[in-house]
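All values below were derived from every heavy atom in this structure, side-chain atoms included, with hydrogens, water molecules and symmetry-related copies excluded. We name chains A, B, ... by the order of the sequence lines, and we start the count at 1 in each one. Just so we're clear, the structure is a prediction, and the values are computed from it rather than from any experiment.
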There are 2 protein chains.
Amino acid sequence: MSDLLQVAKLAGVSRATAARAFSSPDLVREETRNKIFAASEQLGFRPNHIARQLRTQSTRMIGVLLPSLQNPIFAAQLQAMENLAQLHGYSLLVATSNYQPLREAAIVENMLRQRVDGLVLTVADADHSAVLLDLQREAIPLVLVHNSPQRLGLPAVRVDNRLAVMQATGVLLKLGHRHIGMIAGPMLQSDRARQRYQGYCDAMSKAGLTPADVVEMPDHIHSDLNTLLPLLHGPRAFTALLCTNDLLALSVMGELMRTGYQIPRQISVIGFDGIEMGRMQFPSLSSVVQPLEEMGRLAIAHLLAQIAGETPPPGCLAHQFRYGESIAPPATQTL
Amino acid sequence: MSDLLQVAKLAGVSRATAARAFSSPDLVREETRNKIFAASEQLGFRPNHIARQLRTQSTRMIGVLLPSLQNPIFAAQLQAMENLAQLHGYSLLVATSNYQPLREAAIVENMLRQRVDGLVLTVADADHSAVLLDLQREAIPLVLVHNSPQRLGLPAVRVDNRLAVMQATGVLLKLGHRHIGMIAGPMLQSDRARQRYQGYCDAMSKAGLTPADVVEMPDHIHSDLNTLLPLLHGPRAFTALLCTNDLLALSVMGELMRTGYQIPRQISVIGFDGIEMGRMQFPSLSSVVQPLEEMGRLAIAHLLAQIAGETPPPGCLAHQFRYGESIAPPATQTL
DNA sequence: TTGTAGGCGTTATCAG
DNA sequence: CTGATAACGCCTACAA
């Protein structure tokens with residue numbers, strides 16, 4: 001591939017002038033400029049960003065770490081981030097950790113070696129994250145999404161998970177439910193799942209009820225019918241289920257309906273995230289809606305501001321409860 | 001940030017030796033190596049990939065262009081690609097075009113300037129793609145996913161869309177359906193949608209039936225009830241609907257059920273892609289399953305092979321029809 | 001096993 | 001407005 005020097009030669013100018021024709025065209029006489037562009041065209045010249053990056057010490061690249069892309073919430077967020085980044089001339093270096101701290105660390109290290117201009121991270125468990133601790137020392141623009149470590153004061157874009165589930169639980173309580181269960185994926189892996197369970201416990205306690213143990217599924221996004229069914233029988237049977245995320249909720253609904261349960265008549269279900277699919281299907285899923293597009297945009301905007309040397313204020317984003325067809329008063333009006 | 005020279009000085013060796021300690025440790029005596037690593041640690045040295053890339057003319061980065069991340073098929077494929085790439089020490093530069101050819105072109109140009117080692121592209125419409133034509137001239141490793149332009153002989157990872165829908169239509173025909181409709185997103189934007197419609201037409205014609213006009217929705221992934229309902233009444237009312245993708249199918253199902261239709265008793269629905277959600281929900285969606293994970297892996301594997309100088313053979317991947325609860329014989333046994 | 005030196009393709013500083 | 005030249009940080013013959 002030809003370089004600036006060849007273009008310069010062919011155009012009969014110096015390398016410096018050729019370079020200027022590209023980076024600051026107005027500093028070059030039009031005639032000269034055209035000769036340079038013609039030569040460039042003829043040689044199939046393409047500016048080398050690597051060399052430019054080495055020289056300018058700026059990559060216009062942002063490193064994005066996500067736990068997974070299986071869950072559409074991350075895809076939606078990534079889409080929003082990419083749109084805004086692209087608009088500002090930034091590229092995204094994307095990697096997934098599959099919720100594994102070791103991979104998180106390796107990925108971040110690699111991104112730092114690549115000299116990305118900033119990082120947008122979603123880690124599995126922010127409070128026990130070695131990566132975030134290490135990153136404290138680096139002076140690199142950084143935004144967390146979904147996470148918010150208790151101790152570290154890092155800029156974060158997220159909703160108040162605990163409060164949100166407290167309110168969602170409140171909705172079920174108000175409908176008359178007393179036996180409410182909480183379904184989650186692997187709790188140890190996800191700080192968010194734990195926060196959401198806390199919100200449930202808070203709401204139950206405040207209502208004078210005993211929070212049930214969390215029902216832990218082996219997978220973040222699939223329910224296991226064998227674990228579930230026993231909990232729906234007997235005097236303490238759940239009449240409503242809160243799920244830590246929408247995919248889990250949709251999986252629960254599907255399996256229960258397939259087994260013959262009527263939703264919401266026999267069982268009410270509430271999810272978390274507010275993914276599109278929940279609205280599409282029938283019965284539609286009640287859920288705590290996270291403003292994912294906005295979160296993605298905000299993460300990038302915040303990062304760009306940091307890169308520009310500003311320090312914008314943090315703050316939680318507002319969630320919203322979406323009433324769907326998956327909830328109703330409990331069938332048997334016990335008590 | 002400190003560089004190799006500083007590390008070398010502190011360790012009391014030359015820059016070359018310090019460099020070797022990182023790139024080929026076995027060429028350096030252990031004692032020396034340890035001194036270098038210690039110095040590196042002390043200085044917080046981090047190898048600069050940009051400089052390395054400039055020098056070695058290799059980035060170990062792959063450019064990935066996708067139409068969108070809203071559709072989980074792309075997310076799933078991306079996830080698979082990222083996993084395999086990461087395993088081989090490659091990073092992914094990801095960008096989305098939102099099905100816009102102009103963005104496709106700009107994105108690819110940018111990736112080339114970044115000197116990615118290879119490209120994995122999914123364009124909106126391969127047969128009318130300026131990007132692909134231009135790329136013919138570049139000698140860069142390239143794999144298409146989902147696309148397969150008629151004229152250009154580019155390596156592609158995909159299923160036979162036309163055949164697949166022909167078979168899916170066959171399933172409906174065998175069930176006794178005669179009035180089968182095909183629902184699509186914006187046809188002009190997507191070569192795949194057109195191929196799939198072709199498959200439907202083929203099957204209908206072969207069965208001695210007249211293919212209906214495609215029912216075009218304004219959006220790739222949402223159905224519009226107002227467009228749909230009129231087609232379900234009258235003597236030529238559809239008893240079965242083929243959709244060009246699963247999200248569209250799930251949207252159709254949800255809306256119809258919400259309106260009071262029984263699925264599959266009154267209307268059968270078949271999708272395309274085989275996304276997870278289709279299996280989860282009740283009734284589960286019948287669909288043509290694309291092996292998305294395999295496609296993602298294969299795309300990367302094929303690309304890495306090209307980068308290694310090999311030229312692996314192309315070939316379609318096998319699709320598979322998944323029977324779900326969304327299809328049944330037509331209600332009224334006309335004819 | 002280690003050192004020397006040149007170059008990867010830009011940009012930026014300084015003269016002219 | 002244009003040209004010469006020195007970095008940016010690393011790798012890699014080649015020589016010692």
Side-chain angles (χ1 to χ4, degrees), chain A residues 1-40 43-61 89 91 109-117, chain B residues 1-40 43-61 89 109-117 140:
Chain A
M1 175 129 312
S2 54
D3 65 354
L4 265 178
L5 188 53
Q6 298 187 42
V7 173
K9 275 183 188 162
L10 182 61
V13 299
S14 77
R15 189 170 42 183
T17 307
R20 271 188 288 258
F22 288 98
S23 51
S24 13
D26 29 321
L27 292 184
V28 175
R29 206 199 322 161
E30 185 174 349
E31 199 188 323
T32 324
R33 208 192 311 149
N34 289 337
K35 267 193 297 190
I36 294 169
F37 287 154
S40 156
L43 292 173
F45 169 73
R46 183 153 20 227
N48 186 323
H49 277 7
I50 302 178
R52 180 216 290 270
Q53 287 162 1
L54 179 60
R55 182 57 235 242
T56 62
Q57 306 286 55
S58 141
T59 53
R60 292 188 89 78
M61 283 188 2
S91 303
E109 175 63 24
N110 187 57
M111 288 171 170
L112 292 176
R113 292 184 177 193
Q114 188 63 54
R115 299 300 193 264
V116 295
D117 287 346
Chain B
M1 176 132 310
S2 54
D3 65 357
L4 266 179
L5 187 55
Q6 299 187 43
V7 173
K9 276 183 188 161
L10 183 59
V13 300
S14 78
R15 192 171 40 182
T17 307
R20 272 190 285 261
F22 288 97
S23 51
S24 16
D26 28 323
L27 292 184
V28 175
R29 205 199 321 163
E30 184 173 349
E31 197 188 323
T32 324
R33 207 194 310 149
N34 288 337
K35 265 192 299 190
I36 294 169
F37 287 154
S40 157
L43 291 173
F45 169 72
R46 182 152 20 225
N48 185 323
H49 278 6
I50 302 178
R52 181 215 292 269
Q53 287 161 1
L54 181 60
R55 178 57 232 248
T56 62
Q57 305 286 60
S58 143
T59 52
R60 291 188 91 75
M61 285 190 359
E109 174 63 23
N110 187 57
M111 288 172 171
L112 291 176
R113 292 185 176 192
Q114 188 62 54
R115 299 300 192 265
V116 295
D117 287 346
I140 185 170

Exercise. May I have the distance from A:Asn48 (atom CG) to C:dG7 (atom C1'), rounded to whole angstrom?
Key: 14 Å
Quiz item: At what distance, to the nearest 0.5 angstrom, does CD1 of B:Ile50 lie from OG1 of A:Thr56?
Solution: 8.0 Å
Self-check item: For atom CZ of A:Arg15 and atom C1' of C:dG7, their distance in whole Å
Solution: 11 Å
Quiz item: Contact class for B:Leu4 (heavy atom, under 4.0 Å): base, sugar-phosphate, or nothing?
Solution: sugar-phosphate
Quiz item: So what does A:Arg46 hit on the nucleic acid, given a heavy-atom distance under 4.0 Å: a base, only sugar-phosphate, or nothing?
Solution: sugar-phosphate
Quiz item: Measuring from B:Arg115:CZ to B:Gln53:CD, what's the distance to the nearest 0.5 Å?
Solution: 12.0 Å
Quiz item: B:Leu27 near the nucleic acid: base, sugar-phosphate alone, or nothing, with a heavy-atom cut-off under 4.0 Å?
Solution: base
Practice problem: Give a yes/no on whether any side-chain N or O of B:Ser14 is located under 4.0 angstrom from OP1 or OP2 of C:dG3. | Solution: yes
Practice problem: Name the residue closer to the 5' end of DNA chain C, choosing between B:Leu54 and B:Arg29 according to the nucleotide with the nearest heavy atom. | Solution: B:Arg29
Exercise. Could you tell me the separation between the CZ atom of B:Arg55 and the P atom of C:dA5, rounded to a whole number of Å?
Key: 16 Å
Quiz item: Looking across every strand, which nucleic acid part, if any, lies under 4.0 Å from A:Phe45 by heavy atom: base, sugar-phosphate, or nothing?
Solution: sugar-phosphate
Quiz item: Does a side-chain heavy-atom distance below 4.5 Å link A:Ile36 with A:Thr17?
Solution: yes
Quiz item: Which nucleotide, C:dG9, C:dT4, C:dT2, lies nearest any side-chain atom of B:Ala16?
Solution: C:dT4
Quiz item: Does the side chain of B:Gln57 get closer than 4.0 angstrom to OP1 or OP2 of C:dG9 through an N or O atom?
Solution: yes
Quiz item: Is it true that B:Arg113 and B:Glu109 make a salt bridge, defined as a side-chain N closer than 4.0 Å to a carboxylate O?
Solution: yes
Practice problem: On DNA chain D, reading 5' to 3', which nucleotide is the first and which the last to sit with an atom under 4.0 Å from a heavy atom of chain B, could you check? | Solution: D:dG9 to D:dA13
Quiz prompt | Helical bend (five base pairs per end, nearest 10°) for the helix from C:dT1-D:dA16 to C:dG16-D:dC1 | solution = 30°
Quiz item: Which atom pair, heavy atoms only, marks the closest approach of B:Leu4 to B:Phe45?
Solution: N-CE1, 3.6 Å
Exercise. Send over the distance from A:Arg20 CZ to C:dA12 P, rounded to a whole Å.
Key: 11 Å
